[in-house]
Amino acid sequence: MLMQTRNQSNLLSKDFPTDFIWGVATSSFQIEGAAQVDGRGLSVWDVFCKQPHAIADGSNGDVACDHYNRLDQDLDLIASLGVNAYRFSISWPRVQPLGQGGWNEAGFDFYGRLIDGLIARGLQVHLTLNHWDLPQALQDQGGWANRSTCEHFVRYALEVNRRFGKHMTSLCTHNEPWVMAVLGHELGVFAPGLKDRKTAMQVAHHLLVSHGMALRDLRSAGATMDLGIVLNLSPIYPASDSQGDIEKAKLDDGLIARWYLDPLFKAHYPSDVLEHLGNDAPVVLEGDLDTIAQPLDYLGVNYYTRNFSSAGNPWDVHSSGNEVTDMGWEVYPQGLTELLCRLHQDYPVKRLRVTENGAAFKDEMVDGMVDDERRESYLREHIRATSRARALGVPVDAYFAWSLMDNFEWASGYEKRFGLVHVDYATQKRTPKRSALWYQQFLKA
Ligand code: FCB
């Protein structure tokens with residue numbers, strides 16, 4: 001606890017309002033484990049992990065951080081950081097094994113204890129309904145490509161609200177629809193591992209429609225928590241001054257950002273992207289765009305890095321000389337300020353929340369300590385970038401560090417560590433890293 005931290009004198013938590021939301025974030029599949037107990041159904045990620053070579057280290061989410069069995073200890077850990085909020089997700093197949101039909105009381109019981117435990121510790125509840133672990137039974141019927149999944153999702157949303165709504169500060173319908181749609185259905189590198197662009201665009205549309213349907217019905221049911229959605233966003237720059245690269249950067253921004261932001265805030269899809277998609281554009285029913293554009297209490301922003309686009313190679317890596325994380329992502333805090341300002345300028349956002357921000361590094365445990373100075377500096381500089389956006393008049397009221405602890409990093413397995421707290425997977429021992437202690441001191445100041 002006495003580790004020295006440097007360079008923080010000009011960044012103080014008191015520069016933020018006292019009601020600013022400070023948290024850490026996780027998601028169900030990445031930490032819970034206990035995949036085959038208490039009636040939990042299979043999710044698309046359980047099945048995807050079994051595909052040969054799908055996960056870098058051949059691992060899966062069967063045990064993960066064993067959070068399901070270590071709930072109280074983990075709640076104490078969260079509280080010990082001095083945050084006032086926790087962002088987590090419900091595993092839909094844990095509470096409704098088939099994604100339709102009967103509810104699983106044992107599953108709801110777990111989330112009931114989690115939420116009660118947060119409230120008892122004075123922590124706000126920021127709940128995500130869909131952080132990618134769709135019930136496999138729904139995938140067997142087409143998953144998000146099948147429009148009826150939207151109705152099943154709304155029933156699930158209403159049930160969660162009925163049980164826990166009054167304890168929640170915010171509800172997020174979907175985490176990063178672009179990732180689910182494109183990485184999951186076009187590039188096939190995430191569950192369910194499909195490779196078809198038309199399917200991916202239909203999935204993206206259904207995720208947005210189901211979001212709008214859920215917000216509309218939650219509000220009619222009297223839900224009072226903040227309602228929103230979380231997008232993965234980053235500034236996208238052309239790799240060079242060439243006209244081709246400039247156009248490609250605009251198109252990529254259209255596919256990744258505007259495809260979601262425009263319908264959510266302006267009730268239309270961007271015309272340049274529609275034109276580019278041609279026959280791959282989704283089937284949109286009458287009224288869908290109005291459904292999608294329900295008022296948002298907040299927009300959640302997950303920010304990790306900036307991106308470059310090149311007309312030549314779409315995944316061209318631009319080397320700026322800046323530090324890169326273990327994911328190969330450039331450390332670029334200014335991008336967060338820029339992004340928040342752009343969102344505020346281009347869209348009528350009421351409130352922005354940084355719902356994820358963090359970095360993977362090759363941490364080493366030495367004498368029982370992890371001296372992750374680079375993660376500490378990453379967090380500090382991105383919090384500073386958030387503060388700059390606020391100073392420029394952008395209404396940002398929350399910052400969540402990704403992640404509370406090391407966990408299952410999707411296709412990268414357990415090799416990439418994003419935690420502020422180190423997890424020894426052999427013993428499940430949790431050890432706060434230097435970054436956790438820095439965050440704690442920063443919040444105390
Ligand atoms: C985001 C995901 C989150 C985590 C981070 C590193 O895209 O929402 O679950 O994996 O990346």
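Every value quoted in this text rests on a predicted model; they were computed, and no experiment measured them.
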Going by the angle between their ring planes, with limits at 30° and 60°, are [X] and [Y] parallel, tilted or perpendicular?
X    : Y    : result
H174 : H211 : tilted
F29  : W45  : tilted
F190 : W410 : tilted

Validation row: [X], [Y] side chains within 4.5 angstrom (heavy atoms):
X    : Y    : result
R163 : W103 : yes
Q36  : R40  : no
Y269 : R258 : no
M405 : L420 : no
F153 : L207 : no
S210 : Y156 : no
H167 : Q124 : no
D346 : L261 : no

Answer yes when [X] and [Y] have at least one side-chain N-carboxylate O distance shorter than 4.0 Å, and no when they do not.
X    : Y    : value
E356 : R87  : yes
K250 : E247 : no
D226 : R353 : yes
D297 : R219 : yes
D288 : R147 : yes
R70  : D66  : yes
E338 : R306 : no
R384 : D15  : no
D406 : R417 : yes

Within this structure, what is the [atom1]-[atom2] distance for the pair [X] and [Y], rounded to the nearest 0.5 Å?
X    : Y    : atom1 : atom2 : value
W438 : K433 : CH2   : NZ    : 15.0 Å
M213 : L208 : CE    : CG    : 12.5 Å
H152 : Q100 : NE2   : CD    : 4.0 Å
T355 : I21  : OG1   : CD1   : 11.0 Å
S148 : L138 : OG    : CG    : 7.5 Å
L171 : F164 : CG    : CZ    : 12.0 Å

Is there a side-chain hydrogen bond (donor to acceptor under 3.5 Å, both in side chains) between S28 and S89 once you walk through the steps? CA-CA 5 Å; S28 48; S89 74; 2.9 Å; yes

Please determine whether ring pair (Phe, Tyr, Trp, His ring centres under 6.0 Å) holds for the pair F16 and W22, giving the CA-CA distance in whole Å, both sets of side-chain angles, and the decisive distance to 0.1 Å. CA-CA 10 Å; F16 289 82; W22 293 105; 4.7 Å; yes

Verify, without hydrogens or angle tests, whether D280 (side chain) and R197 (backbone) share a donor-acceptor contact under 3.5 angstrom. no

Between K198 and N279, is there a donor-acceptor pair closer than 3.5 Å when you use the side chain of the first and the backbone of the second? yes

Determine, stepwise, if the pair W178 / Y260 fulfils ring pair (Phe, Tyr, Trp, His ring centres under 6.0 Å). CA-CA 8 Å; W178 177 86; Y260 302 87; 8.0 Å; no

Locate the shortest heavy-atom distance separating [X] from [Y]; write the atom from each residue and the value.
X    : Y    : value
L336 : H382 : CD2-O, 3.5 Å
S27  : W402 : N-CH2, 3.7 Å
F400 : V24  : CD2-O, 3.7 Å
A137 : L98  : CB-O, 3.5 Å
M180 : H185 : O-ND1, 2.9 Å
W92  : T149 : CH2-O, 4.4 Å

Determine whether more than 12 heavy atoms belonging to other residues, nucleotides or ligands lie under 6.0 Å from atom CD of Q51.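 Yes - once you tally the heavy atoms of other residues, nucleotides and ligands closer than 6.0 Å, there are more than 12.
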
Pair F88-H126, ring pair (Phe, Tyr, Trp, His ring centres under 6.0 Å): steps then yes or no: CA-CA 7 Å; F88 66 97; H126 293 263; 9.3 Å; no

I'd like to know if the side chain of [X] pairs up with that of [Y] as donor and acceptor (distance under 3.5 Å, no hydrogens or angles considered).
X    : Y    : answer
N175 : N302 : yes
Y304 : N232 : no
D217 : S220 : no

Per side-chain contact (heavy atoms from CB on, under 4.5 Å), I229 is matched among I292, T128, T173 by T173

Among H67, Q428, R430, find the one that has a side-chain contact (heavy atoms from CB on, under 4.5 Å) with Q73. R430

